[in-house]
Structure formats: C-alpha cells, structure tokens
Amino acid sequence: MEKLEHKLSQEIKKAFVELFGNELDEAQIQLQKTRKEFIGDLTLVTFPFLKITRKSPEESAKLIGEFLEKNCDIVNSFNVVKGFLNIEATPSYWIDFLNSTHQTDRFGFAEPNSKERVMVEYSSPNTNKPLHLGHLRNNFLGNSVARILKANGHEVIKVQIINDRGIHICKSMLAWQKFGENTTPESEELKGDKFVGNYYVRFDKEYKKEIASLIESGVEEEEAKKKAPILLEAQEMLRKWEAGDEEITSLWKTMNNWVYSGFESTYQTMGVDFDKLYYESDTYLIGKDKVLKHIETESFYKKEDGSIWINLEADKLDNKLLLRSDGTSVYMTQDIGTAIIREEEFHCKNYYYVVGNEQDYHFNVLALVLQKMGFDWANGIEHLSYGMVDLPSGKMKSREGTVVDADDLMLEMRNTAQEISEDLGKLEGMDAADKDGLFWKIGLGALKYFILKVDPKKRMMFDPKESVDFNGNTGPFIQYTYARIQSILRKSDSDLKEVKLDIKLLDKEDINVIKQLYNFPEAINDSALQKSPALIANYVYELVKIFNHFYQNTPPIVKEKDDNIKNMRLFICNKTSEVIANSMSLLGISVPERM
RNA sequence: GGCUCCGUAGUUCAACUGGAUAGAAUAACAGAUUUCGGCUCUGUUGGUUGAGGGUUCGAAUCCUUCCGGAGUCACCA
C-alpha cells in the first residue's frame with residue numbers, strides 16, 4: 001500500500017517539471033494534513049515555491065491542483081484557499097487501504113527487531129521509602145516509551161538501577177535498630193517498603209529533635225545539623241558498611257529485601273517490568289577504575305588533596321568532581337561505570353534515561369564525560385527528561401506529608417471505578433474475581449491515561465478529583481468505546497475475513513473513520529521519534545471521537561439488512577477496536593470486553 | 001547571582017515542530033437520539049498565546065529586552 005504522502009510528493013515533483021521546468025528535491029515538498037474545516041486530506045503550502053512558479057499563490061496552487069487531478073488517479077478533487085492547495089483522495093484509495101489491513105492484526109506496527117537495539121532505563125528508586133506519584137509518572141512513561149519503541153521496530157531492553165546503598169538506607173537501618181524492637185513487615189502486617197519507609201521518617205524525627213536540643217544548648221544551627229549524634233551514627237554505619245562489616249551487611253540485606261518485595265508488588269499493580277536490574281551496590285566501585293584510567297586524558301585532572309575532577313568549561317559547563325579525596329565514588333562516577341558496563345554487555349544504539357528534569361545538568365555532564373573518555377557510543381545517550389508532578393496544593397513534599405503514595409492512589413482509583421461501575425449496574429452475571437480485575441483495569445486506565453496524555457517534557461498538575469472523572473478525554477471514555485464495539489461484534493457474529501469492500505457502499509461517516517485508522521502507523525512513528533506517549537494518547541482519543549460520531553450518525557449496524565453494508569461496517573468497527581486496543585496497550589492500558 | 005526550562009479560554013491540556021479563522025476537555029446553558037450500551041452525539045458562551053520590540057509572504061513556535069514561575073549550580077543521590 002503506497003502512502004498517500006509519498007505518491008503525491010512524486011506527482012507534485014512531476015508537476016513542477018511539467019509546469020515550471022523545475023526539478024524539486026523531494027525533501028522540499030512538505031505535505032501537511034488538511035485542517036478539519038476545509039475539504040481535503042493533504043495540503044500543499046505554495047508560498048515557499050513562489051520564486052519558482054513566478055505566479056501568485058492562488059494561481060500556482062490551481063495549476064498544480066489541475067495537474068494532479070488530471071494525472072494522478074488517487075486524487076479525487078482539489079480546492080485552493082489563499083495559496084493552500086487542499087487535495088482530496090478518492091474513495092477507492094481508502095477502500096484499498098482498508099483492504100490492505102485485512103491480513104494483519106498488527107496493523108501499524110513495524111517489523112519486530114527491524115531497527116537497532118536500544119535501552120530504556122526507568123524507575124530507579126531509592127530503597128529507603130515507598131514509591132509515590134512522581135515514580136508513577138516515571139514508570140508509566142518509561143514502560144510506555146519502551147513499548148512504543150518496540151512497536152516501531154526496535155529491540156528494547158528495559159532496565160533500572162536500584163539505589164540500594166548510601167547514607168539514606170543507613171538512616172532507616174539505624175532507626176530500626178534503635179526503635180524497631182525486632183519487628184518485621186510480617187509482624188506488623190505492612191508492605192516491606194512501607195515498613196522501612198516508616199523508619200526513615202522516624203530517623204528524621206529523632207534527628208530534628210536532637211538538632212533542636214543542641215540549638216537550645218547554644219550550638220549554631222549549621223553546626224547542630226552536622227553534629228547531631230544520630231547523624232554521626234548513621235555516617236559511622238555507612239563506613240562500616242563500606243568496610244564490609246558483617247552485622248551491618250546482614251541487616252542491610254534484610255531491610256533491602258523487605259523493600260524489594262514491597263516494590264515488586266507495586267510494580268505488579270502498575271503493570272511494569274524490567275529485563276535487567278542493576279544494583280548500585282554492585283556498580284558503585286566500577287566507575288572508579290574507569291575514571292582512573294583516563295586521568296591522563298585532556299580535561300581530567302587531580303587536585304592536591306587527591307580528588308579527581310573534569311574541566312568542562314570549554315563546553316560552557318563547570319568543573320565537576322569525579323572522585324572524592326578519600327578515593328570514593330560520587331553519583332556521577334557510578335553512572336559512568338554503569339553506562340560502560342551496559343555498553344559492553346548490550347551495544348545499544350541509544351541509551352534512554354527516563355529521569356526527572358531536575359537532573360538535566362547531570363545528564364549533560366554524563367554524556368560529555370563519556371565522550372571525553374573517547375566513547376563514540378556516548379552520543380547515543382539521551383536523557384528523557386520529564387516535568388515534575390504538582391498537586392493542587394502545590395509541590396509534593398515528603399517532610400510536610402503531602403506526598404501521594406503510589407499504592408494508595410492506585411487503590412483509590414480502583415475503588416472509584418468500582419463505585420461508578422456498580423452505580424451503572426451493567427455487570428450482572430460477572431463473578432467477583434472478574435469484577436475485581438475489571439475495576440483495576442478501569443481505575444489504572446484512568447490514572448495512566450491521565451498522566452500519559454500530557455507532553456512528558458511539561459510539568460503537569462495532578463488533580464485527584466479530575467483524574468477519576470470518566471468523561472471527556474479520559475482512559476475510561478476510550479475503554480467504554482472499545483467495550484461498546486465489542487458488544488456490537490458479539491451481537492452480529494459475522495465472519496469478517498470474507499468481507500467484500502466496495503466503494504459504492506461507503507458513506508462519508510465510514511470514510512472519516514477509515515482516514516483516522518490510516519493515521520495510526522504515523523502516530524506510532526511520531527511518538528517513537530519524539531519518545532512521547534502523549535501523541536498516541538491524542539491519536540486514540542481523536543479516533544474514538546470520530547468513531548462515536550460515526551456510531552451516532554449511522555443506522556444501527558446490527559439491524560442493517562444489506563449484508564454487504566453491514567459487513568463492511570462491522571469490519572470498520574472491528575479494525576477500530578483493534579487499533580484502540582493496540583494504542584492503549586502502547587500506553588500500558590488494557591481494555592475490557594464489558595464495563 | 002550564573003546557566004537551563006516554562007508562561008496558551010475560569011481550570012486541565014492540544015496545536016502535525018514556521019502555516020490557514022489558536023483547538024479539545026471541563027464547568028454552565030440549550031438541544032438530539034431515547035429499540036447496535038445515555039459513561040453517546042450536536043450547539044452556545046469563553047483568547048491581545050505574560051508584555052514590548054525584531055526576523056518574514058506568515059510567529060504561540062525563531063531572535064531580543066523586560067515581567068512572573070520552576071529547576072540547577074554539593075567531596076548528596
């Protein structure tokens with residue numbers, strides 16, 4: 001099936017030779033989609049060509065339009081509005097297109113593994129507290145981008161690095177030692193991550209208490225923050241950990257495992273997974289060796305105290321520490337090491353890091369340092385920087401208790417879905433387990449769609465009230481449309497493999513739906529290039545709106561007497577529902593047969 | 001303070017990356033269908049795209065100066 005854009009470009013090229021004696025470069029021809037208020041499918045803007053045509057915009061457009069109408073059999077008609085040439089394809093082109101989707105249920109997807117291997121890193125939490133709303137955006141984005149890249153033909157490896165060591169986990173460990181009284185997640189009937197998170201909070205409470213009493217006894221605030229005994233103890237614990245102290249190591253393992261099992265259950269609810277996990281405790285020493293190897297290279301230097309730096313002033317960045325004076329690694333060093341390990345293991349074309357935009361600077365530096373080390377593949381490093389999630393009350397702050405917990409939020413969405421569904425009472429005869437699964441589908445669909453429809457780069461507002469709305473541009477609205485189509489298909493029970501498609505049967509409403517189906521491959525491609533699930537969300541919403549319009553303005557299909565028309569419409573319904581389901585699955589959202 | 005990013009209907013978001021009269025949703029109001037699922041469809045109201053200047057056939061988009069907001073500038077991660 002030759003793309004409309006491609007075919008028309010070639011014809012336009014011919015038109016320029018014929019009409020104006022000019023050989024155009026195909027890249028110069030930019031066809032855009034015709035806006036809804038005009039008749040046509042694709043539009044050629046003539047302004048850039050006026051120097052070649054030496055005629056007015058209107059006249060140029062008219063000449064080209066006439067040429068196309070005469071010489072190109074897929075052009076049905078054209079019209080000119082102020083120098084914009086709107087071109088309409090023939091109904092038979094759309095029929096041919098629809099026919100071409102007959103064979104496959106993977107319409108729009110590129111051949112698997114036809115493109116380069118890429119890696120997507122996302123999630124990458126600290127192990128001292130539970131996941132929250134910010135992590136949800138991260139995980140939904142990362143998982144969706146991975147699916148989209150895969151759909152676009154890439155081999156995709158999903159990874160995360162778990163920040164399992166450092167002062168933060170020591171704080172939780174210390175608080176548990178002091179106040180835990182040998183309780184466990186099991187004994188308290190708490191998820192492991194929540195359990196450990198409580199001790200992190202407990203640490204902070206004690207720490208503040210100590211600071212306050214130090215200040216009261218006359219110590220300066222800055223000094224008090226550094227000298228609080230419980231903090232010193234935590235730092236001592238970190239030193240012991242790094243020295244391999246047995247008791248500390250064993251406690252560390254126990255507490256991390258509690259956290260992992262908690263995370264695992266959260267990931268399962270979210271519906272995300274990974275092909276490979278990296279642990280900071282495994283990789284944090286590796287970057288050090290790599291850095292030391294390059295100490296002689298330009299830009300790298302050593303200070304008198306033994307610390308190692310890189311000078312990036314030539315690239316308009318500043319000097320960056322890579323190894324501390326005591327020889328230990330910093331965050332940057334670990335990321336350098338991890339990046340190198342990944343390259344050695346997987347040789348990817350691109351390494352995508354789904355990390356919040358507060359780390360823009362960090363990733364600029366990371367890519368640059370690796371390039372200075374002479375790694376060509378570092379050019380493939382790309383930071384998929386996304387904006388923070390704000391609440392109506394403002395920014396989330398863990399210390400002020402305004403953090404929205406991931407598990408709580410997902411459960412709340414599920415429960416809201418239940419309330420609404422039960423009010424509508426469409427679920428008679430469904431057993432309890434199926435109902436439960438359905439409520440999760442709807443609740444999570446609402447949440448994921450709400451977050452993913454926004455351009456990742458932009459900061460977004462999360463209003464819990466609005467997110468559970470099931471009307472308008474929402475996940476459940478799209479799911480509902482899917483379920484309704486399934487209901488039609490169940491009732492009619494035709495064999496769609498034998499459907500004969502004929503131009504004479506086509507109505508305007510049918511064509512509108514077909515045209516939007518036609519846009520699906522492009523939507524996948526665009527969202528893959530931009531790494532933006534929002535483009536898929538916008539696409540499928542538009543499809544659903546067009547379909548609902550079709551549905552409203554078409555006589556009941558199930559009762560249609562003309563079998564040819566009936567089967568054609570059913571075929572369109574079926575294709576639409578398939579594209580809805582596939583679009584939603586790219587967002588990590590599943591669609592229900594009933595709801 | 002230096003650097004980076006962002007300011008679009010009351011609100012939440014779009015705008016095919018420089019194209020036409022800046023579109024949806026939501027809220028409010030008015031209507032349609034009421035026998036394929038009313039979680040549907042159609043309409044009305046709502047904008048000096050933060051402000052000024054510039055670039056050009058053409059600017060929400062590019063350049064520039066202000067105003068407002070966020071992030072970042074750690075021997076934290």
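Below, read A as the first sequence line, B as the second, and so on, with proteins coming before strands; counting in each chain starts at 1. Since the structure is predicted, the reported quantities are computational estimates derived from the model, not experimental observations.
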Problem - Plane angle bin for A/Phe47 and A/Phe84 - parallel if under 30°, tilted between 30 and 60°, otherwise perpendicular - result: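 Correct class here is perpendicular.
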Practice task
Give me the ring orientation class for A/Phe462 and A/Phe450: parallel if the planes are under 30° apart, tilted from 30 to 60°, perpendicular past 60°.
Solution key: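 Perpendicular, since the angle between the ring planes exceeds 60°.
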Pairwise [atom1] distance, [M] and [N] [rounded to whole Å]:
N	M	atom1	value
B/A59	B/G18	C1'	7 Å
B/U56	B/A51	C1'	22 Å
B/C66	B/U42	C1'	46 Å
B/G53	B/A60	P	14 Å
B/C62	B/A20	P	16 Å
B/C63	B/G19	P	15 Å
B/C41	B/C36	C1'	15 Å

Problem - Under 5.5 Å and under 30°: A/Phe477 stacked on B/C39 - result: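 No; centroid distance or tilt outside limits.
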Exercise for the section: Examine the base of B/C36 for any acceptor or donor lying under 3.5 Å from a partner atom in the side chain of A/Ser487, and report the outcome as yes or no. Expected result: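 Answer is no: no donor-acceptor pair is held.
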Exercise for the section: Mark yes or no for a side-chain to base donor-acceptor pair under 3.5 Å between A/Gln530 and B/U17, with no hydrogen or angle criteria applied. Expected result: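 It does, because a donor-acceptor pair links the side chain of A/Gln530 to the base of B/U17 below 3.5 Å.
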Exercise for the section: Would you classify B/U49 as syn or anti? Syn applies when the glycosidic angle is within 90° of 0. Expected result: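 It is anti.
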Exercise for the section: Tell me, with the steps shown, if A/Arg239 and A/Glu242 meet salt bridge (charged side-chain N to carboxylate O under 4.0 Å, His left out). Expected result: CA-CA 5 Å; A/Arg239 271 188 289 276; A/Glu242 294 203 5; over 6 Å; no
Exercise for the section: Hey, which sits more toward the 5' end of RNA chain B by its nearest nucleotide, A/Asn86 or A/Gln334? Expected result: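 The residue closer to the strand's 5' end, by nearest nucleotide, is A/Asn86.
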Problem - Nearest-nucleotide 5' precedence on RNA chain B, A/Lys303 against A/Lys36 - result: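 The residue mapped nearer the 5' terminus is A/Lys36.
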Exercise for the section: Evaluate whether atom CD of A/Gln30 has more than 12 neighbouring non-hydrogen atoms of other residues, nucleotides or ligands under 6.0 angstrom away. Expected result: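 Atom CD in A/Gln30 is not packed in, count stays at 12 or less.
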Exercise for the section: Would you kindly check if the NZ (Lys) or CZ (Arg) of A/Arg137 is within the cone defined by 45 degrees around the ring axis of A/Tyr386 and under 6.0 Å from the six-membered ring centre? Expected result: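 The answer is no, since A/Arg137 fails at least one limit relative to A/Tyr386.
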Problem - Closest to side chain of A/Glu358, choosing from B/A14, B/U12, B/U72 - result: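 Looking only at side-chain atoms, A/Glu358 lies closest to B/U72.
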